[in-house]
Structure formats: C-alpha cells, structure tokens
Amino acid sequence: MRIDVYFTPDSVTQKKIDGRQVVVIDALRASSTIVTALANGARAVIPVSESAMAVEVRTKLGSEHVLLGGEQGGIKIENFDLGNSPLEYKSEVVNDKIVAMSTTNGTRPFTMFRYNRAVRVGSFLNLSATVKQICASGLDLAFICSGNNGDFSLEDTLVAGGIIDKLADSTISEIELNDSAKLAALHFSANRDRLLESFQESEHGKRLVSLGFSDDVTYCARIDVFDISPQFEDGQISISDPLDLSAGDTLPSGGLPIKGLEL
Ligand code: 3SL
C-alpha cells in the first residue's frame, strides 16, 4: 500500500488523491469534534467553507433539525449554537440533529476537492476504527492534514503517524511511504508515550490552552475512545449512508454537492 501524507490541504492536488482512500485530519479540534458529535448521536455533520453557508443549511432544513457549529479564531461564531469544542457536543445536545459546521482549517479539505469515494475522518479518538476501514478498503492512502492557517501542524502529523504506526502492525503488506509519511511515523514513534505533551507543545495546542480550552486538548489526545469511522460522502459526514435531505435537489455548497440540498 502506498501511503502519502500531505501536511496542508494546499499541498494537495486533485490528481494526487484521485483513486485513493483519503483520511482528513484536524486533530485540534475539528475532526475530534466531528467524531464526537456523530458518536453522540448526531445524524450528520455538513462541513461548509463559510459560516453563511451553515446558516443557509439551517434555513433550508429547518432550525428544529439543524444546529450551527464552528469557530473563528477558536471562538464560537456569533449566533451559532455551538463552538468547536468536542466537549459541547454531548448526546443531549446533538442527538438526532444535523450539525452544519464551519471552522477555519478542519472543514476546508472536505470542500476543496471532488472525492470519488467516501473520505474518512481521522483523529486519535477513533484511531483503530480508522485503521480497520483503511485495511478493508485496501486502496492506496492519502492523509490530508488540515494544518494551521496554511502551515504545517505537529498535532495532525502526530495523528497521521499514529495511524501509519498501527497500519504497520496490520495485515497490510509492502507499505511504501512518501517523505512526509516517514516524518509523521518518526514523529509518532518519538512521542508515542507523551501524546498529550506533544499536543500541548504544538503552536495550536498552546493557543487553545491560552484561550481556555486546555480540557479540549486533553480530550483530543486520547486514543480509541470511539469505535466509529465517519465517512464524508455527498456533502455530509455520517456513520451510515448519507441522508437524502430533500426531494432530490443536488446543489453545490462551497463547490460540492450536498445530496438533496440546494445552497
Ligand atoms: O481550524 C479548525 O478547523 C479548528 O479546529 C481550529 S480550533 O481548534 O477550533 O481553534
């Protein structure tokens, strides 16, 4: 299996990911929040590229069905129901809801490319479930790390390295890594016993702590809390088949179609 890591979405081209199993990672905090929301009963998360689009999703689907979630500069967007802290996405809040989500880095990779197969959402919280899906697909793999405002981020690289480390112990044979994937694997093996410290030392980890989100950093550094591998398909992230959101309209959201929803 060929495994390529891309440290930022901007280093990815459509050609590089065509035909691949893709895993999107934004360890702090969007992928961890998405995994938590779905594990706690949200029906789907719709990632969008701008907060106004999230509002549009709610207008179209009805405020009784949709929660608005996301951040700007780490802080909850004005008039949104939820920020980007996974700790907010408790079952009593998200159960049976659709979450329209806009974040700075983590929702971007979903809206930037056309994917010809379901994309997986990777985090430490669902590491083994992600590995299981990758093994089942058997396809060459590309990790898209969301990064930090266009720059490399240690924490996404650490999660990619953790997944690669576990794949190396799996039934998959002949793993071939690009240079970034080798670096990710080295980063994980140097920090496997100090994941939390490594998150706390990262630029984004430090920023979250300074904003008062140190519990989120601790939460996101835990391995295998959930046995789910959410998939992004038809503009939605879910743990089952995508919902058909309307009477059959399929229209673009930030360039991508959301099944049954016109934006
Ligand atoms: O950029 C993102 O997608 C966020 O995860 C950043 S933050 O952790 O909410 O600041």
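Atoms within a ligand are numbered from 1 in the order they appear, just like the ligands themselves.
Defined by atom type and a distance below 3.5 Å, a donor-acceptor pair is present between the side-chain atoms of Thr104 and Glu71. In summary, the side chains of Ser123 and Asn126 do present a donor paired with an acceptor at a separation below 3.5 Å, with no hydrogens or angles considered. Side-chain contact of Ser229 with Lys132: a donor-acceptor pair under 3.5 Å is absent, judged by distance alone. Thr36 and Tyr219 form a side-chain donor-acceptor contact under 3.5 Å, judged by distance and modelled atom types alone. Using modelled atom types and a 3.5 Å distance limit, the side chains of Arg108 and Asn105 yield no donor-acceptor pair. If you check the side chains of Asp224 and Ser128, you find a donor sitting under 3.5 Å from an acceptor. Residues Ser31 and Asp26 bring no donor and acceptor atom of their side chains to less than 3.5 Å of each other.
For ligand 1, the atoms closer than 4.0 angstrom to any heavy atom of Thr103 are 2 (C), 3 (O). When each atom of ligand 1 is checked for a heavy atom of Thr104 under 4.0 Å away, the hits are 1 (O), 2 (C), 3 (O). Listed by number with element, the atoms of ligand 1 under 4.0 angstrom from any heavy atom of Gly74 are 10 (O).
Looking at Thr107 next to ligand 1, no N or O pair under 3.5 Å apart turns up. Remark: ligand 1 and Ala30 share an N or O pair separated by less than 3.5 Å (distance only, no angle test). The N/O atoms of Gly106, backbone and side chain alike, include one that comes under 3.5 Å of an N/O atom in ligand 1.
The aromatic rings of Phe232 and Tyr115 sit perpendicular, their planes meeting at an angle over 60°, well past the 30° parallel limit.
Looking at atom 4 (C) of ligand 1, its nearest protein heavy atom turns out to be Asn84 ND2, 3.2 Å.
In Arg29, the parts holding a heavy atom less than 4.0 Å from any atom of ligand 1 are both the side chain and the backbone. When non-hydrogen atoms are compared, ligand 1 lies under 4.0 Å from the side chain of Leu208 (C-beta onward) but not from its backbone. With a heavy-atom cut-off of 4.0 Å, Leu28 touches ligand 1 through its backbone alone.
Residue His204 places a heavy atom under 4.0 Å from ligand 1.
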